[in-house]
Colleague: 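The structure's right below; bear with me while I get my questions together.
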Amino acid sequence: MSEGTSIVWFRDDLRVRDNPALTAAVRRGDPIVCLFVLDDESAGIRPIGAASRWFLHGSLAALAAELDELGLRLTLRRGPAERVVGAVVEEVGATAVFWNRRYGEAERTLDAALKSSLRDAGLTVESFQASVLFEPWTVLTGQGGYYKVFTPFWRSVTSGPPPRHPLPAPTATAAGAELHHRRVDSDDLADWALLPTRPDWASGLRERWQPGSAGAHERLRSFLRSAIGDYVDEQDFPAEDATSGLSPHLRFGDISPFEVWHAVEQHRARVPGDAKGASAFLRQLVWREFAYHLLYHLPTITSENMRPEFDRFPWAEPSSDELEPWQQGRTGIPLVDAGMRELWQTGVMHNRVRMVVASFLVKNLRVDWRVGEAWFWDTLVDADPASNALNWQWVAGSGPDAAPYFRVFNPELQASKFDRHGSYIQRYVPEAGTDAYPEPMVDLAESRRAALDAYATIR
Ligand SMILES: Cc1cc2nc3c(=O)[nH]c(=O)nc-3n(C[C@H](O)[C@H](O)[C@H](O)COP(=O)(O)OP(=O)(O)OC[C@H]3O[C@@H](n4cnc5c(N)ncnc54)[C@H](O)[C@@H]3O)c2cc1C
């Protein structure tokens, strides 16, 4: 063992399995500081929303327990990450820092600056691929650009070598010595107040989610056991438990996409009858990759229309009172209200219904997609900068490979197709169809026409 100390800086990778940064630190053999920094201050880094904070609390608590079993300890600090990591390096006299890569522009800028200043100071600094299956700079078109359309992107990634196999959790034996942690002051997770108190709106989240790796792997196992075979036929039906529910776990890295990919491949080899479902599911997982690739190559997707003509779109400018019916699920359109209430109660919403509520906001109410994106950012436990922005732009028609603007989802038709027995609506809007339920806040046909007229002005 050398005389140094290694720091593993955890970010969107809150797990010990398939964590290349942690594995590298263990291999090095020095005492380790496992650090997480809550950064709400660095320029350009978007503070995470309230529902994500709730999930983060659980993932951090679970990670601390997993590290504890390895003989390591999670150190928590709060503040601008560059300063905080620099301070911990000083405090412990660190000789090496390891982390897994991030893909947002502000995050990359921060990481690059830190890497170069630490290297200048003589430290070993290494970063690893852990959160995406394919690095964005490795998937390029014949002309050397990035893909703006999903299907060729999918073809390209699936015609190359498969994603690497996941790494096991590090062990003392693999390191050839005991794992040592370096004692250093840590904040108390409870003091970060990531959980809501007054009011405590998280009871539905507690019922639905078990943040952390154990919860993620249990979800994956249960999906493979009972749902993947029917994924193609049932994934669009919000009343069914037909999708994996892995999105928040992938967001915080409780589980890695490599673990998911290979578990699905192994399942496909064992149960050939589920092959169609497995392919369809991996295709969805690759939508997440596509979103991260776009975020990497075109960082403005989070805030700017990808199609510039949308800069001229005559969006309505609703007051917060006018937005409330949509946010609170009181629009008088049952499928929209069911989705918005599902979101409020559970921190997620079924993908089909996300498209419907987004289309209703952007088209029937003609509200700028960024307003909806911001609400989702605050209320989704899986809110992620790449997928959220890409999907909002997809629905709005302002994105690449997007649904055309004139495709306005009709929530009533969608309900009759995808919630045939009304059980999803009944679950979240039991008063639908009674006097207690409000009249529709807009006429669907009329508002659709107005949306198309508005669109005609920018074509
Ligand atoms: C307006 C809108 C906003 C969205 N915002 C987010 C977001 O902030 N974070 C997020 O993870 N997903 C977002 N999605 C995509 C999708 O709705 C969720 O990923 C999905 O509902 C998660 O449920 P699941 O894990 O059961 O999905 P499954 O069907 O089990 O899919 C497996 C995984 O594939 C990925 N995936 C599936 N569909 C998509 C998609 N359309 N785009 C990107 N990745 C996908 C997710 O990581 C998901 O966990 C959004 C969709 C819309 C229409």
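Both ligands and their constituent atoms are indexed starting at 1 by order of listing. If you read the sequence from its start, that first residue is 1, and numbering goes on from there.
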Colleague: Return the residue, atom name and 0.1 Å-rounded distance of the protein heavy atom closest to atom 36 (N) of ligand 1.
Modeller: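 Checked against all protein heavy atoms, atom 36 (N) of ligand 1 sits closest to Q284 O, 3.3 Å.
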
Colleague: Parallel, tilted or perpendicular, judged at 30° and 60°: which one describes the rings of H297 and Y146?
Modeller: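 Answer is parallel, since the angle falls under 30°.
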
Colleague: Identify, for atom 14 (N) of ligand 1, the protein heavy atom at the shortest distance, and state residue, atom and that distance.
Modeller: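 Among all protein heavy atoms, the one nearest atom 14 (N) of ligand 1 is R354 NH1, 3.4 Å.
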
Colleague: Can you tell me the protein heavy atom closest to atom 30 (O) of ligand 1 and the distance?
Modeller: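 Ranked first by proximity to atom 30 (O) of ligand 1 is S244 OG, 2.6 Å.
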
Colleague: Ligand 1 versus F223, non-hydrogen atoms closer than 4.0 Å: side chain, backbone, both, neither?
Modeller: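 Neither part.
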
Colleague: Starting from atom 16 (C) of ligand 1, which protein heavy atom do you reach first, and at what distance in Å?
Modeller: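 It is N351 OD1, 3.3 Å.
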
Colleague: Identify, for atom 10 (C) of ligand 1, the protein heavy atom at the shortest distance, and state residue, atom and that distance.
Modeller: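 Nearest protein contact, heavy atoms only, for atom 10 (C) of ligand 1 is S387 CB, 3.6 Å.
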
Colleague: Purely on distance, is any nitrogen or oxygen of G245 under 3.5 Å from one on ligand 1?
Modeller: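 In this structure, G245 places an N or O atom under 3.5 Å from an N or O of ligand 1.
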
Colleague: Salt bridge (Lys or Arg N to Asp or Glu O under 4.0 Å) with R17: which residues, sequence neighbours excluded?
Modeller: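 Once residues adjacent in sequence are excluded, R17 has no partner under the salt bridge (Lys or Arg N to Asp or Glu O under 4.0 Å) criterion.
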
Colleague: My understanding is that only residues two or more places apart in sequence, or in another chain, count here; which of them pass ring-ring contact (aromatic ring centres under 6.0 Å, His included) with F281?
Modeller: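 F281 satisfies ring-ring contact (aromatic ring centres under 6.0 Å, His included) with F223, Y231 once adjacent residues are dropped.
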
Colleague: If hydrogens are left out, which of F281, W287, F290, F150 has an atom nearest to atom 32 (C) of ligand 1, that is, the closest non-hydrogen atom?
Modeller: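 Selected option, by shortest heavy-atom distance: F281.
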
Colleague: Among all protein heavy atoms in this structure, tell me which lies nearest to atom 40 (C) of ligand 1, with the distance rounded to 0.1 Å.
Modeller: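 Result for atom 40 (C) of ligand 1: N391 ND2, 3.7 Å.
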
Colleague: Among D111, D39, D12, which one satisfies salt bridge (charged side-chain N to carboxylate O under 4.0 Å, His left out) with R102?
Modeller: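 Checked D111, D39, D12 against R102; only one passes salt bridge (charged side-chain N to carboxylate O under 4.0 Å, His left out): D111.
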
